[in-house]
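Here the structure is laid out as structure tokens; the discussion comes afterwards.
Note that these values count all heavy atoms, side chains included, but never hydrogens, waters or copies made by symmetry. Below, chains carry the letters A, B, ... as their sequence lines are ordered, and counting in each starts from 1.
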Amino acid sequence: MAKEDLFKNLIAHCKEYGFIFQSSEIYDGLSAVYDYGQNGAELKNNIKKYWWDSMVLLNENVVGLDSAIFMHPKTWKASGHVDAFNDPLIDNKDSKKRYRADALIEEYLEKLEAKIQKEVEKAGKRFGDSFDEKMFRETNPRVTANQEKIDTLNERFARAMNDNDLADLKQIILDYEIACPVSGTRNWTDVRQFNLMFATEMGSTADTALKIYLRPETAQGIFVNYINVQKTGRMKLPFGIAQIGKAFRNEIVARQFIFRMREFEQMEMQFFIKPGTEEQWFEHWKKVRMRWHKALDLGEENYRFYDHDKLAHYAAAATDIEFKFPFGFREVEGIHSRTDFDLGQHQKFSGKKLQYFNPETNESFVPYVVETSLGLDRIFLQIISAAYKVEEMEKEDGSTDSRVVFKLPPVLAPVKLAVLPLVKKDGLPEISRKIMNELKYYFNCQYEEKDSIGRRYRRQDAIGTPFCITVDHQTSEDNTVTIRYRDSMKQERVQVDKLKEIIAGHVDMSSFLRKLESE
RNA sequence: GCGGGAGUAGCUCAGUUGGUAGAGCAUCAGCCUUCCAAGCUGAGGGUCGCGGAUUCGAAUUCCGUCUCCCGCUCCA
């Protein structure tokens with residue numbers, strides 16, 4: 001099957017079996033927003049538990065937090081998001097390229113500056129030692145003309161940016177005949193503002209309302225609570241704060257199913273450290289996080305690190321853990337060395353001390369931060385992409401047969417086992433119900449009696465149920481059932497009272513975590 | 001946002017120059033009892049993405065709009 005088809009089929013499969021639906025589908029949907037269905041919600045919760053437990057249970061110096069989506073507007077000034085997420089953009093209609101309008105103008109200014117520089121250098125060579133640069137700049141007509149152009153443009157540009165005058169930004173581009181570097185034409189659209197943060201108002205009357213944003217990342221909720229957690233938890237450096245929560249970005253183009261959504265969920269841990277130890281902790285968390293991913297057993301060859309050359313405004317070092325999706329290698333998790341940027345900014349904007357006092361050395365300082373930031377929806381997509389298999393097999397009579405199977409890690413599977421009476425009579429349903437009623441306290445179970453046993457197995461394969469328990473006529477004689485394994489399709493006959501132990505061995509989170517740490 | 005493709009039942013799709021909306025699978029009920037889908041009988045389910053125009057009559061033609069997919073672009 002072609003890769004595109006595979007991805008399409010996966011999306012269709014997710015809908016058909018209750019994993020993911022498009023938001024508000026009966027109203028034609030809402031772009032780049034998705035809902036998790038009955039099976040998707042279970043899988044998502046299990047992923048969260050795996051992450052949360054691996055952070056908070058396995059690391060005694062990492063604690064959890066659940067901060068609000070709404071935050072004081074100053075938060076986003078301090079974090080840099082208000083500035084970084086508000087770009088005036090313009091499109092060239094011929095080349096179809098999109099640019100930041102301010103960047104185009106700045107580039108033009110640089111060109112003018114370069115022209116002057118060239119004149120100066122030329123003159124410098126000609127006159128040798130007797131060259132008076134200041135005099136030359138003030139008197140040469142070509143230089144003064146360009147310098148005047150720069151000065152007037154600079155002034156107008158600064159005013160337009162300050163007033164957020166989009167119309168004038170476009171007019172500048174037209175007036176100074178700035179052309180597209182690709183097409184060379186000046187066929188421009190209007191300048192439009194793309195604000196990547198969703199805004200709303202808090203307060204019931206318009207005149208007192210405060211403009212607030214839906215958080216574009218969960219990290220700031222951790223930073224603003226740094227002191228609260230450190231003091232009340234009596235935390236000593238190094239320590240971490242972990243959080244799972246929704247974040248919102250008004251993406252210009254959101255595509256590729258749940259890979260890039262406008263409303264998404266992050267699993268982030270901010271690790272506070274002494275300055276000077278950031279390299280060591282950066283390497284530590286790179287290793288730990290990669291091990292966490294690989295324990296899911298989705299194929300070693302599907303992972304790689306990608307180190308950033310261009311760094312975001314907050315980062316000193318950054319790497320991504322990338323996974324090979326059906327559409328190529330993409331970022332799933334970011335590990336960033338954020339220095340004291342965030343705490344420093346919040347200290348500055350709030351006027352509150354966000355420091356750590358080391359009683360041994362009598363020093364106070366703003367801690368450095370290494371963060372691990374994982375996209376929950378992305379790792380969900382990663383897991384189902386790797387788990388979705390169409391298998392061809394040969395039947396006993398030589399004809400071919402196929403099945404669609406979700407080979408989800410058993411510990412994450414939405415339904416752990418199905419209890420199936422072989423036939424719908426002879427008391428088999430009653431025995432099955434009894435078994436189910438005992439196991440339901442430990443595992444998410446399903447009971448099914450409709451259709452042939454083979455077809456019921458296939459249905460369970462399609463949602464990734466790792467175990468099918470089949471009750472047959474022998475059960476009433478010796479209290480045994482068959483247990484059928486999803487991946488091998490092999491069956492074993494076991495005692496009913498052994499079921500809990502056998503299944504727990506495969507799906508229990510605590511044993512999975514133990515395995516993770518022992519590796 | 002731009003270019004290309006698409007939208008008909010839960011899923012995959014057919015639907016001829018405009019003339020009463022179909023199939024397979026799935027679902028539900030019943031029959032049959034069988035350890036790896038596709039046995040038999042019957043039933044339910046669609047204002048053909050939405051809105052408008054043309055027409056005696058529109059799934060089909062035209063306009064607008066929404067959504068999805070691919071490629072740019074943007075973002076991490």
Taking only nitrogen or oxygen atoms into account, show me every contact under 3.5 Å that the protein makes with nucleotides 11-14 of chain B, one pair per line with its distance.
unit_1	atom_1	unit_2	atom_2	d
B/rC11	OP1	A/Lys15	NZ	2.3

Report summary line: Re B/rU47: Watson-Crick or G-U wobble partner, both distances kept under 3.5 Å, found to be none
Report task. Specify the separation, in whole Å, of atom CD1 of A/Ile11 and atom P of B/rC69. Result -> 6 Å
Report task. Check each residue of residues 455-466 of chain A for a non-hydrogen atom within less than 4.0 Å of any atom in RNA chain B, then write out the ones that pass by number, or none. Result -> A/Arg455, A/Tyr457, A/Arg458, A/Arg459
**Report entry** Separation between the P atoms of B/rA21 and B/rG49, rounded to whole Å
**Finding:** 14 Å
Report summary line: Judged by nearest nucleotide, the residue sitting upstream toward the 5' end of RNA chain B, A/Arg378 or A/Tyr34, is A/Tyr34
Query raised in the report: Atom CG of A/Asp451 and atom P of B/rC40: how far apart are they, to the nearest Å?
Result: 14 Å
Query raised in the report: Who pairs with A/Ile11 by side-chain contact (heavy atoms from CB on, under 4.5 Å), at least two apart in sequence or on another chain?
Result: A/Phe7, A/Phe257
Query - Contact list for residues 404-414 of chain A, test salt bridge (charged side-chain N to carboxylate O under 4.0 Å, His left out), sequence neighbours left out - result: A/Glu391-A/Lys407
Query raised in the report: Separation of A/Phe257 atom CZ from B/rC70 atom C1', in whole Å?
Result: 16 Å
Report task. Would you kindly give the CZ-to-P distance between A/Phe467 and B/rC36, to the nearest whole Å? Result -> 20 Å
Query - Nearest-Å distance once atom P is located in both B/rC11 and B/rU55 - result: 36 Å
Query - Whole-angstrom distance between B/rC25 and B/rU54, as gauged at atom P - result: 43 Å
Query raised in the report: Who are the salt bridge (charged side-chain N to carboxylate O under 4.0 Å, His left out) partners of A/Arg458, not counting sequence neighbours?
Result: A/Asp401
Query raised in the report: A/His13 has an atom NE2; how far is it from atom C1' of B/rA37, in whole Å?
Result: 14 Å
Query raised in the report: For B/rU55, which nucleotide in any strand shown is its Watson-Crick or wobble partner with both distances under 3.5 Å?
Result: none
Query raised in the report: How would you list, by chain and number, every residue that makes a ring-ring contact (aromatic ring centres under 6.0 Å, His included) with A/Phe271, sequence neighbours excluded?
Result: A/Trp281, A/Trp285
Query raised in the report: Under a 4.0 Å N-O cut-off, is there an ion pair linking A/Glu268 with A/Arg338?
Result: no
**Report entry** Rounded distance in Å between the P positions of B/rC35 and B/rG44
**Finding:** 34 Å
Query raised in the report: Is a side-chain donor-acceptor pair under 3.5 Å present for A/Gln220 with A/His81?
Result: no
Query raised in the report: Are OP1 or OP2 of B/rC68 and a side-chain N or O of A/Gln22 less than 4.0 angstrom apart?
Result: yes
For residues 430-438 of chain A, please give each side-chain donor-acceptor pair under 3.5 Å, one per line with the distance, not counting sequence neighbours.
unit_1	atom_1	unit_2	atom_2	d
A/Ser432	OG	A/Leu428	O	2.8
A/Asn437	ND2	A/Arg433	O	3.3

Report summary line: A/Arg330 meets the salt bridge (charged side-chain N to carboxylate O under 4.0 Å, His left out) criterion, sequence neighbours left out, with none
Is there any protein nitrogen or oxygen under 3.5 Å from a nitrogen or oxygen in nucleotides 31-34 of chain B, and what are the pairs?
none

Query raised in the report: Contact class for A/Thr482 vs. all strands (heavy atom < 4.0 Å): base, sugar-phosphate, or nothing?
Result: base
Report task. Figure out the CG/P separation between A/Asp35 and B/rC68, and round it to whole Å. Result -> 13 Å
Query - Flag for A/Glu278-A/Ser337: side-chain donor and acceptor within less than 3.5 Å - result: no
Query raised in the report: Would A/Arg215 count as a cation-pi partner of A/Phe248, with NZ or CZ less than 6.0 Å from the six-membered ring centre and within 45° of the ring normal?
Result: no
Query raised in the report: Is there a Watson-Crick or G-U wobble partner for B/rA23 with both distances under 3.5 Å, and which nucleotide is it?
Result: B/rU12
Between the protein and nucleotides 41-51 of chain B, list every N/O to N/O distance that falls short of 3.5 Å.
unit_1	atom_1	unit_2	atom_2	d
B/rG49	O2'	A/Asp28	OD1	3.0

Query raised in the report: With rounding to whole Å, what would you report as the distance between B/rA6 and B/rU61 at their P atoms?
Result: 12 Å
**Report entry** Watson-Crick or G-U wobble partner of B/rU17, both distances under 3.5 Å
**Finding:** none
Query raised in the report: What's the shortest heavy-atom distance between A/Ile384 and A/Leu10, and which atoms?
Result: O-CD1, 3.8 Å
Requested in this report: Report the residues that fulfil salt bridge (charged side-chain N to carboxylate O under 4.0 Å, His left out) with A/Lys440, sequence neighbours left out, ordered by chain and then residue number.
Outcome: none
Query raised in the report: Could you give the OH-to-C1' distance, from A/Tyr485 to B/rC36, as a whole number of Å?
Result: 16 Å
Report task. Determine the Euclidean distance between corresponding C1' atoms of B/rG7 and B/rU60; express it in Å to zero decimal places. Result -> 14 Å
Query raised in the report: Is there a donor on the side chain of A/Arg260 or the base of B/rC75 sitting less than 3.5 Å from an acceptor on the other?
Result: yes
Report task. Indicate yes or no: does A/Asp461 engage A/Arg484 in a salt bridge with an N to O separation below 4.0 Å. Result -> yes
Requested in this report: Could you check which nucleotide pairs with B/rC68 in any of the strands shown, counting Watson-Crick or G-U wobble with both distances under 3.5 Å?
Outcome: B/rG5
Query - Residue list, salt bridge (charged side-chain N to carboxylate O under 4.0 Å, His left out) with A/Glu265, at least two apart or on another chain - result: A/Lys44, A/Lys48
Query raised in the report: Which value, in whole Å, describes the distance between the C1' atoms of nucleotides B/rC13 and B/rA26?
Result: 14 Å
Query raised in the report: Can you tell me if CD on A/Gln38 sees more than 12 non-hydrogen neighbours from other groups inside 6.0 Å?
Result: yes
Query - Atom-to-atom span, CG of A/Asp307 to P of B/rA76 - whole angstrom - result: 18 Å
Query raised in the report: If we take the P atom in both B/rC28 and B/rG15, what is their distance in whole Å?
Result: 31 Å
Query raised in the report: Does NZ or CZ of A/Lys286 lie under 6.0 Å from the centre of the six-membered ring of A/Phe305, at an angle within 45° of the ring axis?
Result: yes
Requested in this report: Please give the nucleotide sitting opposite B/rU34 as a Watson-Crick or G-U wobble pair, both distances under 3.5 Å, or none.
Outcome: none
